[in-house]
Structures are given as C-alpha cells and as structure tokens.
Amino acid sequence: MYYHARVMMRRASSLSGGLVVLLVLFQTLTAAQDKPAAVTAVDTLADALTAAGSASERQALLDKSPALVTVDLRKALMVRASQLQSQRRLAGAEAAYLAAVQVSHQIGDAEGEGLALNGVGVEEQLQGRYAPALEWYAKALAVQQALGDESGQAKTLYNAGIVHAAEAEYAEALDFYQRALALDERIGDPRLTVRTLNSIALAQRARGDYALALRFHFRALSIAEAADDVEARAGLLNNLGGDYRYERNDPLALEYFERALKLDEARKDMAGVSQALNNIATTQADNHRPEPALENYRRSLAIKETLGDKIGAARTLTNIAVLEADLAQYDQALEHLNAALAAREALNDRPGLGQSWVNFSVTYAAKGDYPRAADAATRAVAISAEFGSPRDVIEARIAAGNAYRALKQPAAARAAFEDAIAVIEGQRGEVAGGGTEQARFFEANISPYRALAEVLIEQGAAADAFHVAESASARVLLDVLRSGPQNVTKAMTPAEVTDERSLVRNLTAQNSASPGQAARLQAARRAYEAFEARLYATHPALQVHRADVPALTVADCAALLPNARTALVKYMTTKDTTYMFVVTKPAAPAGAAPRL
C-alpha cells in the first residue's frame, strides 16, 4: 500500500498586505504638480517627444523649439509618463521618461534628471527587465547623491531593493532596504519608514527568518499607529497574520486577518477587503472549515475581478482549486489550476509558478495519476531552486518524494525527503517565539521524516528508520522543553555569526539546487558540519542552548538497556499505519550490539 507524506497544497494567501507594491511616488508627486502656463505648446511638444523613436529624433524636436525646453516641459513629460503607466502602456511611459531625462540633462535640472532616471527604472522593472532597471536606478542614485537629494536617494534605493526581492536576491534586497531605511529615518517621514520596514520584514520572511519578519512588522505597526496611518495599519495587520501563517500559528493569524478586514471595510478599501477575505479563507480551509472558506474565496475573487487584479485573481483561483481537491473534486480543481497557471505564466509570476506545480503534483497524486504527479513535482523542484523560498523548496521536495514513492522509485524518494528534511532542520532556529512556536512549526513539517522512515523500512533498513523516527520525535520534544526564546548566537563572536549565516545560506541554496548538483550539496553539508563541530568545541554550552543534540541510534540504546530482559519500545504513527520498533540487548556475548 502506498502511504504518502502530507504536503499542504499551496494556498496562495495574499500575505503581503497593501504596502508591498512597487513604489512609484515619483510619478505621483509629479502628476500632482500644477501644469505649466504654456499648456498647449508644451503639451504638444511633450506628445511629440514621447512618440519619437530615438534620442536623435527627440533632440531634433528640442532644437526646433528651444524656448520650450524648460522645467515645465520636463514636468509635462513626467505627467505623460504617469498617465501612460496608469493605462498600462509601459513602453510609452518609458519613452516619456527617457525624453524627460534628455530635457533635464540639457537644462541642468539635476533633481528632475534623478526623478526621470528613476522613472525609466520603474518602467523597466514593471516590464520584467530587472537588470536594465538596476542600471537606471544606479544612474538615478549617482545624480541624487551628487545633488544631496536624500529623499530621492531613499526612494531609488527602495525600488532597487524591490528588484532584488523580485529576483529572490534577498541579501542584496535587504542591503538596499537598510540604506533606504537610514535615510527615511533621517528625513523623518513615518510613511516612508513604515513602507521600508514592511519590505524588510517581507524579505526576511522570504528568507525563512520569521523572527525578524515579526520584529520588523511590529516595529512598522507601532510607527503607523503613532502616525494614525489607518491604511498602513491594515496592510501591516495582514502581514503580521501572514507571518504567523508561515509559522502555522493559525489562531493568531486569524486574529490579525480579522482586524485587518474590519479596518478595510470601514475604509471601503475593496482591495484590502479582498486580501483579508482570501487570507481568512485560507486559514479556515487549512483548519477543515470548507464551507466558510469557499464563501470567502468567492467573495475575494469577485472583488479582484472587478478591480482587474489579474495576479490576485490567479491566486484566489488556486485557492478554490485546492479546496476542491480537498473535497475530491479533482476535475474542477485541475481546471481552476490550469486557469491560474496560464495567468501566472502571462504575468511572469515565477514563484507562483513553482507553487502551482506543487499543487498540480498533489492533485494528480490524490487522483492516482502518479506519472503526472512526478512530472509536476519535477517542475516545482526546478522552479523553487531558482526562485523559491525555503518553504517552497520543502513543499516541492515533499511532493517529489511522494510521487517517486508511488512510482516505486525508493532511491529518488529517499533523496527528495532527505533534502526536504535538511531545509526544515535549517529553518527550525529561525521560527519566532521560542519553544512553543518552534514545536508547532516542526510538527507541521514532520511528514518527510515519517515518509523517509517508511521508505527505509520498505528497503529493509530498520535501524536507519529507527534513527529517522527518533530524530523527528526528539526534535519536537526538545523544542517544547526549550525555555522560551533565547539568543542562540550570544556566545559567538561576530565573525562566527557571519560565517555561520554564510554557510547556512549556501547549504539552503544547494538544497534547492537541481538533482545533478549532489556533489556540491554534500560539500556544503560537510563544510557546515565541520564549522559546527569547531563551534561547539569552542562553545560547549551553545549546543545545549540550541537543543542541538544527536538523535538516538540503535547502537546508543546499549547504554540504556540494563539487561536482556529489558526492551526499549518506540512507536511511529502515520496517517494509515502505526509502526513499533523494539530494541533488545542480547544475553551473550557481553558487549554485543543491541538488536532491533
């Protein structure tokens, strides 16, 4: 009989609140300014410059009307760009910004040039051209630094951080966000400070560091409350709910989502209402409440379609499909998953594509179509290796392991489950809130341990299966016994902290790599294990504080068995089967190894 490890189909909670959109304040600020006096002549020239096909054509137009080449013309071009962007005519918006760059440079308007350079970067970014966007942001930053424009620098740094986050380059994103935050705080604008703190929190969450995500989100919420910024409060409440959802702390998640919903309904912010409804429904569905969940999903989808939110609609379609699969309505689920996948492909939503393929794999497996389940899992693993968070990697590897087990490929299944476990172990220390929250996180991710133990039993490796089963239960128990939140790096030197973080990042990256990179993965593991051995030799108490003790093996049981009349018994329960491991000590010869 095939027993599968449980992997939650990825419900696409919109866990980013209302604060995570790309900052395009430059366009908004410019569009809000008064139009120049010579409206007709300037507007006519601005239209012609926007339609021009090259810099030389634009220069010819400027040379014909030198009296109009002023700051007013640059402002008119910026207004054109903002209007075109709002109409999603991104190429036209970029052309208007390029013309504004040319005009600003010609008249020595450094502030305008910085604004326009940033605007070109925004348009490149919105079109998915991230490398050119960063180049334009670098040019804008250089102009703004030379001018001493701290406000402009803060916004450009923030936008560059958004690019790196979109590319899953979270270390680089955090560097830009921190630089932007320092300027935001010096300027004293609470709105910008909240925005940047929120993005720092989301980057930390994407890295799997939920403790820091919560810390930065609460810091942002405190500032938003002091400034009476209701819009920011609603978005941050949603995001705090999201942090707790990633930790699988659903009661707290629901509390924050419902608070966000009340604020958004009072403000008549329909986008916020839709977002909160989706998050509430996701939490209800995961807690086996399908009827209210489906109702809230449908309300959320209707709002998103009315607002023209295509990516949000794709996520909610995915959620409806997941719920249908839970109810064994597989054909309907696959139809909705295909619709969501097509939308995500059109929108170039790469992390979303990985999540979609995990859902396809789980649905096909539940339907009994294991070849398609394996193919979908392979796609999910490949995408999560490039663009996924640690959570994406865990779910993709579990889905792959399940599919390989169903296809009677135990070696591949074992490798997939081992890779999932390696990522989970690396995440345990990053869960916020101390022992109880860590135990909840680990219990939610215990399925690959049990699945791996079953694979080992099927292969006749009972002793290895015992060790894996003991690892799972020991980890949960030790996390509960830990005495609340602790700073597990306080005994380490700054260099040791830096080295450990670097090694963990490398190990996580290699865990996410393609199956052909096994040698690099093993090298990364050996490097981390060697570092850890040296660390614990230098700081023996650190191992105890981290509850990082080896799990029991059959050989270790020798010291626990006083005689041949005593047996150690361990149980492991899966969805369909209960296993009992019995370890005894032979009567003779003396010192003989325990038997399982």
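Given the structure is predicted, the values throughout are model-derived calculations rather than measurements.
Remark: R379 fails to qualify as a cation-pi partner of F360 under the 6.0 Å distance and 45° angle criteria applied to the six-membered ring. A cation-pi arrangement is found for R179 relative to F176, the charged atom lying closer than 6.0 Å to the ring centre and inside a 45° cone about the ring normal.
A distance of 11.5 Å separates CG of L221 from CG of L214, quoted to the nearest 0.5 Å. One finds the CG atom of N296 at 12.5 Å from the CG atom of L301 (value rounded to the nearest 0.5 Å). Here the CE-CG distance, from M270 to D264, works out to 9.5 Å after rounding to the nearest 0.5 Å. From L49, atom CG reaches atom CG of L98 across 11.5 Å, with rounding to the nearest 0.5 Å. With rounding to the nearest 0.5 Å, the separation of CG in L157 from CD in Q178 is 11.5 Å. Remark: R205 CZ to R245 CZ distance equals 11.0 Å, nearest 0.5 Å.
The 12-atom threshold is exceeded at NZ of K139, counting heavy atoms of other residues, nucleotides or ligands nearer than 6.0 Å. The 12-atom threshold is exceeded at CZ of R267, counting heavy atoms of other residues, nucleotides or ligands nearer than 6.0 Å.
Checked by atom type and distance alone, the side chain of Q59 never pairs as donor or acceptor with a backbone atom of A55 at under 3.5 Å. At least one donor-acceptor pair under 3.5 Å links the side chain of S384 to the backbone N or O of V381. Judged purely by atom type and a 3.5 angstrom limit, N338 uses its side chain to pair as donor or acceptor with the backbone of L334. In this structure, T318 contributes its side chain and A314 its backbone to a donor-acceptor pair below 3.5 Å. Between the Q127 side chain and the E123 main chain, a donor and an acceptor come within less than 3.5 Å of each other. Remark: the backbone N or O of I187 is not paired with any side-chain donor or acceptor of E150 at under 3.5 angstrom.
R219 has a carboxylate O that lies under 4.0 Å from a charged side-chain N of E185, or vice versa, which qualifies the two as a salt bridge. The pair D349-R344 counts as a salt bridge, with a side-chain nitrogen and a carboxylate oxygen less than 4.0 angstrom apart.
In this model, no donor atom of one side chain and acceptor atom of the other lie less than 3.5 Å apart for N359 and Q355. Y137 and Q125 form a side-chain donor-acceptor contact under 3.5 Å, judged by distance and modelled atom types alone. Checked by atom type, the side-chain pair D250/T283 shows no donor-acceptor distance below 3.5 Å.
Between N198 and F216 there is no side-chain heavy-atom pair separated by less than 4.5 Å. Counting only heavy atoms from C-beta outward, the side chains of D243 and Y210 never approach each other to under 4.5 Å. Contact of the Q204 side chain with the R207 side chain is registered, since non-hydrogen atoms from C-beta on lie closer than 4.5 Å. Looking at D286 and T282, their side chains come closer than 4.5 Å, going by heavy atoms from C-beta outward. Using a 4.5 Å cut-off on side-chain heavy atoms (C-beta onward), Y158 and L181 make no contact. Side-chain contact between F257 and N238: present, with at least one pair of heavy atoms (C-beta onward) separated by less than 4.5 Å. At least one side-chain heavy atom of K310 sits less than 4.5 Å from a side-chain heavy atom of L347. The shortest distance between side-chain heavy atoms of N159 and V163 does not fall below 4.5 Å.
Among all heavy-atom pairs drawn from M78 and A100, the shortest one is SD-CB, 4.0 Å. Scanning all heavy atoms of the two residues, the minimum distance from L317 to A339 falls at CD1-CB, 4.1 Å. What you find for P190 and I223 is that their closest heavy atoms are CB-CG2, 3.9 Å. Smallest separation of non-hydrogen atoms from L117 and A140: CB-CB, 3.6 Å. The two residues S104 and G112 have their closest heavy-atom pair at OG-C, 3.5 Å. G92 and T50 make their closest contact through O-CG2, 3.7 Å (heavy atoms, listed as atom of the first residue, atom of the second, distance).
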### Task
Apply side-chain contact (heavy atoms from CB on, under 4.5 Å) to Q275 and N278, showing your working.
CA-CA 5 Å; Q275 210 164 45; N278 185 82; 5.9 Å; no
side-chain contact (heavy atoms from CB on, under 4.5 Å) assessment of L183 paired with R186 | CA-CA 5 Å; L183 292 170; R186 187 152 66 235; 3.1 Å; yes
Test side-chain contact (heavy atoms from CB on, under 4.5 Å) on E94 and L84; report intermediate values, then the result.
CA-CA 9 Å; E94 184 169 354; L84 290 165; over 6 Å; no
Please evaluate residues V273 and D269 with respect to the criterion side-chain contact (heavy atoms from CB on, under 4.5 Å), reporting the C-alpha separation (whole Å), side-chain torsions for both, the decisive distance (0.1 Å), and the verdict.
CA-CA 6 Å; V273 169; D269 178 358; 5.6 Å; no
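Note: F218 and Y256 have perpendicular aromatic rings, judged against thresholds of 30 and 60 degrees for the angle between ring planes.
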